[in-house]
Amino acid sequence: MARAVRFDRYGGRDVLYVADIDMPSPGPGEVVVEVRAAGINPGEAGIRTGAMHEMFPATFPSGQGSDLAGVVTALGPGVTEFAVGDEVLGFSLRRSSHATHTAVPVHQLIHKPAELAWEVAGSLYVAGVTAYAAVRAVAPRPGETVAVSAAAGGVGSLVVQLLGLRKAVVLGIAGPGNAGWLRDHGVIPVAYGDGLAERLRAAAPDGIDAFIDLFGPDYLDLAVDLGVAPERIETIISFQKAAEIGARTEGSMDASTPEVLAEMAGLITAGAIDFEIAATYPLDRVADAYAELERRHTRGKIVLLPGGSQ
């Protein structure tokens, strides 16, 4: 038997439970992965509450989770890319990674670099490819100024570093407690809250060229007020507002390829970007992990360790 997070109805964290399930069997072109680490993400909380029902309806009982890293334990017919015992990282599109084992198509996996810690490998997918897509959407050129909301979060902390690699001037909107981390990574910190527009104008007297929103629709209105062209405004969350103003909405599904995942893993293993782990939890404490996530003040990723304990 395997164990997996489940929920039978939309609701708060209290609807989550861990169930015994049949051990997955790999279909053609699939492998079974014994999951060592699996990141959690805000979108998963939105699916579980029903807030994203129109875009991502759940079928009950529903599993949960996209990010994963682990060890291959079984091969499906036709698989030549991996062998039993290989360490891999990647993603599930079946909401199934918050489990001790899951079956995954081979084109959604890459070999895990030996230098990459399990917690990092298992939480790289959503944050990594979303950050990659968001930066690519605004196409920053060297010397341009780019503002980023929620700049110290799981996605934001990668976005600002990717922008730095592009030689952009980065304005990181975050709480005062994250100012030191942002400065250490070459980012100009700008505190959110009342007077934000004036602080951004003061930090960028020659104007802001692009804006990446990782938090909510008010930031898209702010970007427009600051004179940013709609085609240089990107959001990963405010889809309705983006449609109203003509902003971009590129996200994880626009960059969900082994090539992008391998590029992000390579940047981390090379030390070109930092990838922070905020906390780890055993599978049985999945509700506690989401309680921490939903406070929305965590820098770095929160990770489930299905085979471990804490």
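Values below: all heavy atoms of this structure, side chains included; hydrogens, waters and symmetry mates excluded.
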Less than 4.5 Å apart, side chain to side chain, heavy atoms only: is that true for [X] and [Y]?
{"X": "T235", "Y": "K241", "result": "no"}
{"X": "V129", "Y": "M253", "result": "no"}
{"X": "L158", "Y": "I273", "result": "yes"}
{"X": "E34", "Y": "R36", "result": "yes"}
{"X": "R3", "Y": "D284", "result": "yes"}
{"X": "V146", "Y": "F211", "result": "no"}
{"X": "V120", "Y": "I277", "result": "yes"}

For V15, enumerate each residue passing the side chain to side chain contact (heavy atoms under 4.5 Å, CB included) test, keeping only those at least two apart in sequence or located in another chain.
F7, R9, R48
Contacts of E44 that satisfy salt bridge (charged side-chain N to carboxylate O under 4.0 Å, His left out) - sequence neighbours left out
none
Would you sort out whether V224 and I233 count as a side chain to side chain contact (heavy atoms under 4.5 Å, CB included), showing the intermediate values?
CA-CA 8 Å; V224 171; I233 301 172; 4.0 Å; yes
Please report the closest heavy-atom contact between [X] and [Y], naming both atoms and the distance.
{"X": "R13", "Y": "A291", "answer": "CD-N, 3.3 Å"}
{"X": "L182", "Y": "G172", "answer": "CD1-O, 3.7 Å"}
{"X": "L293", "Y": "I40", "answer": "CB-CD1, 4.0 Å"}
{"X": "Y290", "Y": "N41", "answer": "CE2-O, 3.8 Å"}
{"X": "A197", "Y": "L222", "answer": "CB-CD1, 3.7 Å"}
{"X": "A265", "Y": "P113", "answer": "CB-CG, 4.3 Å"}

With no hydrogens and no angle check, do the side chains of [X] and [Y] hold a donor and an acceptor under 3.5 Å apart?
{"X": "Y17", "Y": "D8", "answer": "yes"}
{"X": "S238", "Y": "D213", "answer": "yes"}
{"X": "Y125", "Y": "S256", "answer": "yes"}

Would you confirm whether S97, through its side chain, and S66, through its main-chain N or O, come within 3.5 Å as a donor-acceptor pair?
yes
Please check this pair: side chain of T145 against backbone of I208, looking for a donor-acceptor N/O pair closer than 3.5 Å.
no
Carboxylate-amine/guanidinium proximity below 4.0 Å for R94 and E30
yes
Taking NZ, NE, NH1 and NH2 as the nitrogens, is one of them in D209 or R232 under 4.0 Å from a carboxylate oxygen of the other?
no
Could you walk me through whether Y192 and F215 pass the ring pair (Phe, Tyr, Trp, His ring centres under 6.0 Å) check?
CA-CA 11 Å; Y192 62 72; F215 192 86; 7.6 Å; no
Between R136 and D254, is the salt bridge (Lys or Arg N to Asp or Glu O under 4.0 Å) condition met? List the steps.
CA-CA 10 Å; R136 184 175 63 185; D254 298 286; 5.9 Å; no
Linking I/L/V/M/F/W/Y whenever their side-chain heavy atoms sit closer than 4.5 Å, directly or via other members, would [X] and [Y] fall into one cluster?
{"X": "L305", "Y": "W118", "value": "no"}
{"X": "V5", "Y": "I302", "value": "yes"}
{"X": "F91", "Y": "V106", "value": "no"}
{"X": "V88", "Y": "M23", "value": "no"}
{"X": "I188", "Y": "L200", "value": "yes"}

side-chain contact (heavy atoms from CB on, under 4.5 Å) partner of S92, chosen from L68, V33, V35
L68
Criterion salt bridge (Lys or Arg N to Asp or Glu O under 4.0 Å) on R248 and E234, from CA distance to verdict:
CA-CA 5 Å; R248 297 181 180 273; E234 152 72 6; over 6 Å; no
Determine the interplanar angle of the F82 and H111 rings, folded into 0 to 90°, and report it as parallel if under 30°, tilted if 30 to 60°, perpendicular if over 60°.
tilted
Taking atom CG of D194 as the centre, does the number of heavy atoms from other residues, nucleotides or ligands within less than 6.0 Å exceed 12?
no
